[in-house]
There are 2 protein chains.
Amino acid sequence: MTTTKAACVGRPRGFDIDLALEQALNVFWRNGYEGTSLNELTEAMGIKKPSLYAAFGNKEQLFFKAIDLYENRPDSLINIAFQHERVADVIRGLLLGAAAQFTDCSHPQGCALMNSTFSCNEASESIKQTVLKRKSKHKQRLVDRFELAQNQGELQESCDPEVLASLMTALFQGLSMQASEGASLDELQKVATMAAEGILTVNVKR
Amino acid sequence: MTTTKAACVGRPRGFDIDLALEQALNVFWRNGYEGTSLNELTEAMGIKKPSLYAAFGNKEQLFFKAIDLYENRPDSLINIAFQHERVADVIRGLLLGAAAQFTDCSHPQGCALMNSTFSCNEASESIKQTVLKRKSKHKQRLVDRFELAQNQGELQESCDPEVLASLMTALFQGLSMQASEGASLDELQKVATMAAEGILTVNVKR
DNA sequence: TACATTTTGTACCGATAGGTATAAAATTAT
DNA sequence: ATAATTTTATACCTATCGGTACAAAATGTA
């Protein structure tokens with residue numbers, strides 16, 4: 001009479017659900033949420049619409065799961081950069097890492113979160129809000145890290161950690177957009193280097 | 001037998017074509033190209049679809065005309081900033097001007113060109129290409145101005161005008177996005193100030 | 001007044017959007 | 001073998017997309 005058993009009865013799923021989700025992420029990454037149609041998704045995932053809906057709910061929920069996958073990648077930009085001890089290395093790591101990751105040819109160019117947020121009319125307001133929430137969560141991590149650095153005397157007293165985090169975010173958005181538009185790794189590295197140089201000179205004690 | 005006369009016969013147009021175009025620009029500015037539907041346009045412009053098509057061609061041509069209107073505004077950011085003699089003032093003017101203009105409440109937030117470029121799937125590739133061309137034209141104006149400044153000894157020899165122009169463009173994109181997401185004038189001014197400070201310290205002789 | 005011309009509103013077009021009803025196919029449990 | 005369950009493929013749904021045919025309305029010209 002133990003009815004709490006996992007469901008393994010019925011016809012087995014004919015595709016790898018994790019791999020399908022990864023393909024979906026790639027499409028959203030490339031085209032954004034509104035720019036991606038169900039047909040594009042099913043084609044990329046190699047499944048038909050009813051299978052997609054049975055496995056992922058609907059387009060919106062599929063998007064959220066794809067973004068979860070994106071943010072939990074081991075090579076997450078912010079996670080890698082935060083491994084550095086000195087805030088100067090964190091800042092350099094974030095900017096140079098963004099240049100590298102946004103132009104990595106093994107996946108679509110730019111940042112998936114930045115690419116997805118645009119051109120969402122009122123219909124997909126929840127998408128916009130969710131992406132905004134994620135972005136502000138990431139920004140808060142930057143704020144916390146910079147506040148820590150300031151408390152440890154690494155940052156000038158004149159430096160507002162909030163403003164510095166906003167500036168970093170703005171640079172990510174710019175780098176992401178330029179990568180999406182086809183900028184090369186070399187170009188973005190130069191831009192990131194110049195940006196880092198200015199930020200470090202003004203805000204970091206030495 | 002002079003047949004080359006202007007057309008002033010027939011039922012007169014019942015709306016102001018310039019004002020209608022301005023309304024169309026506002027909608028594109030707010031929602032981007034793909035995010036804007038014909039119904040939204042006609043409602044905002046106060047006309048019906050056949051009138052729109054008779055006056056402007058189609059959605060794509062209407063968009064191009066709206067962007068023309070946007071770029072030929074007298075208070076164009078770049079035109080104002082370029083009035084300064086010293087490149088330091090130009091850079092400050094561009095960044096602070098962007099902060100001010102992108103948060104100006106008399107029109108949608110952010111830069112219309114930046115807002116429009118996103119989420120264009122293959123169907124509207126020509127839109128994407130056109131917007132890209134406009135953006136790179138603006139970037140080239142920055143490159144030229146910075147090259148001039150370097151020739152006049154205002155910029156460090158180590159400064160690559162191309163890279164500096166890319167960095168400025170990236171900052172515009174970031175500021176535009178943050179404005180679109182609801183950032184205040186005060187926030188953006190602080191970000192722009194910090195960015196300008198870093199750029200000037202590193203690249204401008206004094 | 002009759003006509004040519006242009007704009008207007010209505011009503012429609014085919015294509016595509018996201019999403020689903022349905023029944024056949026493929027599996028485990030009895 | 002039969003039943004229960006789940007996934008599959010086909011075919012369809014309604015809503016909306018950009019765009020247009022058509023006739024009535026409004027003007028200038030003859």
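Chain letters run A, B, ... following the sequence lines, proteins first and then strands; every chain starts at 1. Not measured: the values here are computed from a predicted model.
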Return the residues of residues 41-57 of chain A meeting this criterion: a heavy atom under 4.0 Å from some atom of DNA chain C. Order them by number, or give none.
A:K49, A:P50, A:Y53

Reading DNA chain C from 5' onward, which residue's closest nucleotide shows up sooner: B:G14 or B:G10?
B:G10

CG of A:L38 versus P of C:dT16: gap in Å, rounded?
14 Å

Closest non-hydrogen atom pair, B:L171 against A:L167
CD2-CD1, 3.6 Å

Rounding to an integer number of Å, can you tell me how far B:R13 CZ sits from D:dG28 C1'?
16 Å

Side chain to side chain donor-acceptor pair (under 3.5 Å) evaluation trace for A:E125 with A:Q129
CA-CA 6 Å; A:E125 188 65 27; A:Q129 291 307 319; 2.9 Å; yes

note: A:F15, atom CZ; D:dT6, atom C1'; distance rounded to Å ~ 12 Å

Please report the C-alpha distance between A:S126 and A:E60 in whole Å, then the side-chain angles of each, then the deciding distance to 0.1 Å, and finally whether the side chain to side chain donor-acceptor pair (under 3.5 Å) criterion is met.
CA-CA 9 Å; A:S126 70; A:E60 190 173 308; 3.1 Å; yes

Looking at A:I127, is its backbone amide N or carbonyl O close enough to the side chain of A:S124 to form a donor-acceptor pair, meaning the two atoms are under 3.5 Å apart?
no

What's the verdict on salt bridge (Lys or Arg N to Asp or Glu O under 4.0 Å) for A:R134 and A:E71, showing C-alpha distance, side-chain angles and the deciding distance?
CA-CA 9 Å; A:R134 307 267 186 145; A:E71 298 208 284; 2.5 Å; yes

Return the residues of residues 19-29 of chain A meeting this criterion: a heavy atom under 4.0 Å from some atom of DNA chain C. Order them by number, or give none.
none

Would you compute the distance between atom SG of B:C111 and atom OH of B:Y70 and round it to the nearest 0.5 angstrom?
3.5 Å

Under 4.0 Å between a side-chain N/O of B:N39 and OP1 or OP2 of D:dT16, yes or no?
no

Looking at B:E181 and A:K135, is any side-chain nitrogen of the basic one under 4.0 Å from a carboxylate oxygen of the acidic one?
yes

Are side-chain N/O atoms of B:S184 and B:D186 paired as donor and acceptor at under 3.5 Å?
no

Can you name the nearest heavy-atom pair linking A:L188 to A:A183, along with the distance?
CD2-CB, 3.9 Å

Are any side-chain N or O atoms of A:T193 and backbone N or O atoms of A:Q189, one a donor and one an acceptor, separated by less than 3.5 Å?
yes

Sidechain N-carboxylate O distance under 4.0 Å for B:D89, B:R86
yes

Checking D:dG18, C:dG18, D:dA26 against the side chain of B:P12 (C-beta onward), the nearest is D:dA26

Could you tell me how far apart B:N58 (CG) and D:dG19 (P) are, to the nearest whole angstrom?
5 Å

Tell me whether the OP1 or OP2 atom of D:dT8 has a side-chain N or O from A:R11 closer than 4.0 Å.
no

In which ranges does DNA chain C form stems of 3 or more consecutive Watson-Crick or G-U pairs, distances under 3.5 Å?
C:1-30 with D:1-30

